[in-house]
Amino acid sequence: MTAAPPFLFEADDECFRAGLRAWLAAELPRVAGARLGTADLHGLEFRKAWEDHLCRSGLSGLGWPRDHGGHALSLTRQAIFHEECARAGTPLAVNMIGHGIVAPTLIAFGSEAQKARFLPPILDNSEVWCQGYSEPGAGSDLAALSTRAERRGEVYVVNGQKIWTSFANLADWCLLLARTGAGASPRAGISVLLVDMRLKGVTVRPIRQITGEADYNEVFLDDVEVPADCLLGEQDAGWKIAMAAANYERSTYFVPRIVRMQAEMEALVALAAGTVREGQRMLDDPAVRSAITDLSLNIHALRLYADSILEMAEQGVPPGVDGSSVKLLWSENHQRLMEVAIDILGPQAALGPQESSAVAEGRWNRDFLWTRAETILAGTSEVHRNIIAERGLGLPR
Ligand SMILES: Cc1cc2nc3c(=O)[nH]c(=O)nc-3n(C[C@H](O)[C@H](O)[C@H](O)COP(=O)(O)OP(=O)(O)OC[C@H]3O[C@@H](n4cnc5c(N)ncnc54)[C@H](O)[C@@H]3O)c2cc1C
């Protein structure tokens with residue numbers, strides 16, 4: 001890893017932003033240009049290559065403490081970083097679970113030996129992580145999980161099945177939840193294991209999605225022998241760790257997603273202006289204008305809302321119920337944006353990235369299909385509505 005670029009040490013947030021913006025404007029075309037014609041810039045290969053480049057350039061561990069090799073940047077600075085990356089159109093990360101969830105969890109709950117073993121390869125991106133929580137019978141009700149880990153001498157013998165495990169096909173390690181005890185309640189008796197994906201008995205089967213891609217997987221665990229020193233925290237006390245892990249990213253998670261949505265909004269207006277049907281620009285169609293106006297207002301309000309959550313988090317107030325509201329508003333407005341794009345495109349919308357005559361290389365088609373997942377991942381809309389109703393509004397269960 002080289003020394004971090006000088007803008008990282010600017011005292012003023014706006015100088016930091018300007019330095020970062022200039023760095024991205026120079027580096028993204030340079031790194032992409034070196035690969036032009038050989039890789040899909042939205043594909044996993046380039047996503048990993050760009051992430052490696054960021055890490056090699058010292059732009060990783062932004063929020064980690066300095067004694068673990070991080071930069072100890074404030075949440076606001078981290079949000080600016082994600083915002084500028086989104087604005088520059090950088091590809092999404094591949095090791096987002098390693099950087100965003102596993103690293104802060106290790107820093108909070110790991111032994112010194114675990115921190116020394118696992119943090120450096122996340123920092124330099126040489127080890128990719130996945131998160132093995134969901135199972136065929138345990139999604140929203142995660143505490144119903146049935147994968148078992150039985151302690152036998154110096155190993156835990158793990159048996160069970162995980163599903164929807166993002167990046168498991170690329171991952172070196174998995175943050176895995178397994179049942180180790182009977183427990184008085186379903187939440188008791190769950191432990192967190194750090195599982196090497198190359199161990200004997202781990203089988204990964206990619207799941208082909210509606211977009212044709214395979215972002216997530218089934219993971220089968222058959223008599224997998226996980227060394228006992230890969231237990232994170234105490235045995236049977238994993239629920240607390242799993243819940244803490246879910247909270248680490250919440251305050252900054254939606255900033256880049258909303259910034260990307262603002263850029264998509266501009267592209268949507270351009271699409272409506274450039275699409276002519278029956279002699280009329282789609283931007284002059286009253287229904288399209290009304291849908292675009294609604295979306296613009298919603299996205300602007302959502303941005304202000306996400307900023308206020310970040311400001312609170314900077315003062316130590318966790319997002320709580322507001323995190324549920326932002327997740328809900330982001331995912332549902334994003335789906336709506338893609339639906340409007342599909343309406344504008346009309347029959348053209350049927351052409352996906354594989355078709356050479358597709359508008360914008362079929363990205364609208366692909367993104368419309370992908371956004372179906374956004375009201376399911378990170379808690380379904382129904383579950384977030386329950387949280388808002390019960391914890392936010394105090395309605396009865
Ligand atoms: C793109 C994507 C990536 C993912 N990546 C990962 C990953 O890396 N690791 C991982 O472990 N998991 C991952 N998941 C899984 C995700 O966490 C689960 O899909 C999610 O928790 C929902 O669980 P489920 O699919 O089992 O649905 P279920 O929980 O079975 O829900 C089915 C339906 O019932 C509704 N429902 C459930 N409970 C209630 C309730 N109490 N009140 C009202 N309605 C309810 C739900 O809203 C939903 O409509 C991913 C999912 C997606 C879509």
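In each ligand, atom 1 is the first atom listed, and ligand 1 is the first ligand listed. Excluded from the calculations below are hydrogen atoms, water molecules and symmetry mates; all remaining heavy atoms, backbone and side chain alike, are included.
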Engineer: Can a salt bridge be assigned to the pair Arg21 and Glu14 using a cut-off of 4.0 Å between side-chain N and carboxylate O?
Structural biologist: no
Engineer: To check your reading of the model: name the closest protein heavy atom to atom 39 (C) of ligand 1, its residue, and the distance in Å.
Structural biologist: Val383 CG2, 4.3 Å
Engineer: Which protein non-hydrogen atom lies closest to atom 45 (C) of ligand 1, naming both residue and atom, and how far is it?
Structural biologist: Glu382 CB, 4.2 Å
Engineer: Say whether Asn217 and Thr165, considering side chains only, have a donor N or O and an acceptor N or O under 3.5 Å apart.
Structural biologist: no
Engineer: Using a 4.0 Å cut-off to any heavy atom of Ala373, which atoms of ligand 1 qualify?
Structural biologist: 1 (C), 53 (C)
Engineer: Quick one: pull up CD in Gln131 and SG in Cys174 and give me the separation to the nearest 0.5 Å.
Structural biologist: 8.0 Å
Engineer: Is Phe167 touching ligand 1 with its side chain, its backbone, both, or neither, if touching means heavy atoms under 4.0 Å apart?
Structural biologist: neither
Engineer: Would atom 30 (O) of ligand 1 count as contacted, meaning some protein heavy atom under 4.0 Å?
Structural biologist: no
Engineer: Kindly confirm or rule out an N or O of Ser166 lying under 3.5 angstrom from an N or O of ligand 1.
Structural biologist: yes
Engineer: Would you mind checking if Arg366 and Glu213 are paired as a salt bridge, meaning a charged N to carboxylate O distance below 4.0 Å?
Structural biologist: yes
Engineer: Please work out which of the three classes, parallel, tilted or perpendicular, describes the rings of His53 and Trp23, given edges at 30° and 60°.
Structural biologist: parallel
Engineer: Below 4.0 Å, non-hydrogen atoms only: which portion of Asn386 touches ligand 1? Side chain, backbone, both or neither.
Structural biologist: side chain
Engineer: Of the non-hydrogen atoms in Ile388 and Ser324, which two are nearest, and what is the gap between them?
Structural biologist: CG1-CB, 4.0 Å
Engineer: Any atoms of ligand 1 less than 4.0 Å from a non-hydrogen atom of Tyr133? List them with their elements.
Structural biologist: 11 (O)
Engineer: Less than 4.0 Å between a side-chain N and a carboxylate O, is that true for Arg303 and Glu83?
Structural biologist: yes
Engineer: Report yes if the side chains of Leu199 and Glu225 come closer than 4.5 Å at any heavy-atom pair, otherwise no.
Structural biologist: no
Engineer: Determine whether Glu264 and His334 make a side-chain contact, defined as any pair of heavy atoms from C-beta on separated by less than 4.5 Å.
Structural biologist: yes
Engineer: Quick one: does Asp141 get an N or O within less than 3.5 Å of an N or O on ligand 1?
Structural biologist: no
Engineer: Considering distance alone, does some N or O of Glu135 sit under 3.5 Å from an N or O of ligand 1?
Structural biologist: no
Engineer: Students should be able to answer this: which protein heavy-atom is nearest to atom 15 (C) of ligand 1, and at what distance?
Structural biologist: Ser134 OG, 3.2 Å
Engineer: Within the structure, does Trp164 bring an N/O atom to less than 3.5 angstrom of an N/O atom in ligand 1?
Structural biologist: yes
Engineer: Does some non-hydrogen atom of the protein lie less than 4.0 angstrom from atom 17 (O) of ligand 1?
Structural biologist: yes
Engineer: Run the numbers on Cys85 and Leu24 for side chain to side chain contact (heavy atoms under 4.5 Å, CB included), then give the verdict.
Structural biologist: CA-CA 7 Å; Cys85 286; Leu24 289 167; 4.2 Å; yes
Engineer: Of all the non-hydrogen atoms in the protein, which one sits nearest to atom 20 (C) of ligand 1, and at what distance?
Structural biologist: Ile376 O, 3.8 Å
Engineer: Among all protein non-hydrogen atoms, which one is nearest to atom 37 (C) of ligand 1, and what is the separation to 0.1 Å?
Structural biologist: Ser140 OG, 3.6 Å
Engineer: Protein non-hydrogen atoms only, distance under 4.0 Å: does atom 33 (C) of ligand 1 have such a neighbour?
Structural biologist: no
Engineer: Evaluate the 4.0 Å heavy atom contact test for atom 3 (C) of ligand 1: does a protein atom fall under the cut-off?
Structural biologist: yes
Engineer: Tell me the protein heavy atom at minimum distance from atom 46 (C) of ligand 1, and give that distance in Å.
Structural biologist: Thr380 OG1, 3.5 Å
Engineer: Would you mind finding which of Gly139, Cys130, Ala138 brings a heavy atom closest to atom 21 (O) of ligand 1?
Structural biologist: Gly139
Engineer: For atom 53 (C) of ligand 1, state whether the nearest protein heavy atom is under 4.0 Å away.
Structural biologist: yes
Engineer: Name the closest protein heavy atom to atom 1 (C) of ligand 1, giving the residue it belongs to and the distance to 0.1 Å.
Structural biologist: Tyr216 CE2, 3.1 Å
Engineer: Which atoms of ligand 1 are found less than 4.0 Å from any heavy atom of Gln131?
Structural biologist: 7 (C), 8 (O), 9 (N), 10 (C), 11 (O)
Engineer: Of the non-hydrogen atoms in Ile309 and Gly323, which two are nearest, and what is the gap between them?
Structural biologist: CD1-N, 4.4 Å
Engineer: Should Lys162 and Glu218 count as an ion pair when the cut-off is N to O under 4.0 Å?
Structural biologist: no
Engineer: Is the shortest side-chain N to carboxylate O distance from Asp52 to Lys48 below 4.0 Å?
Structural biologist: yes
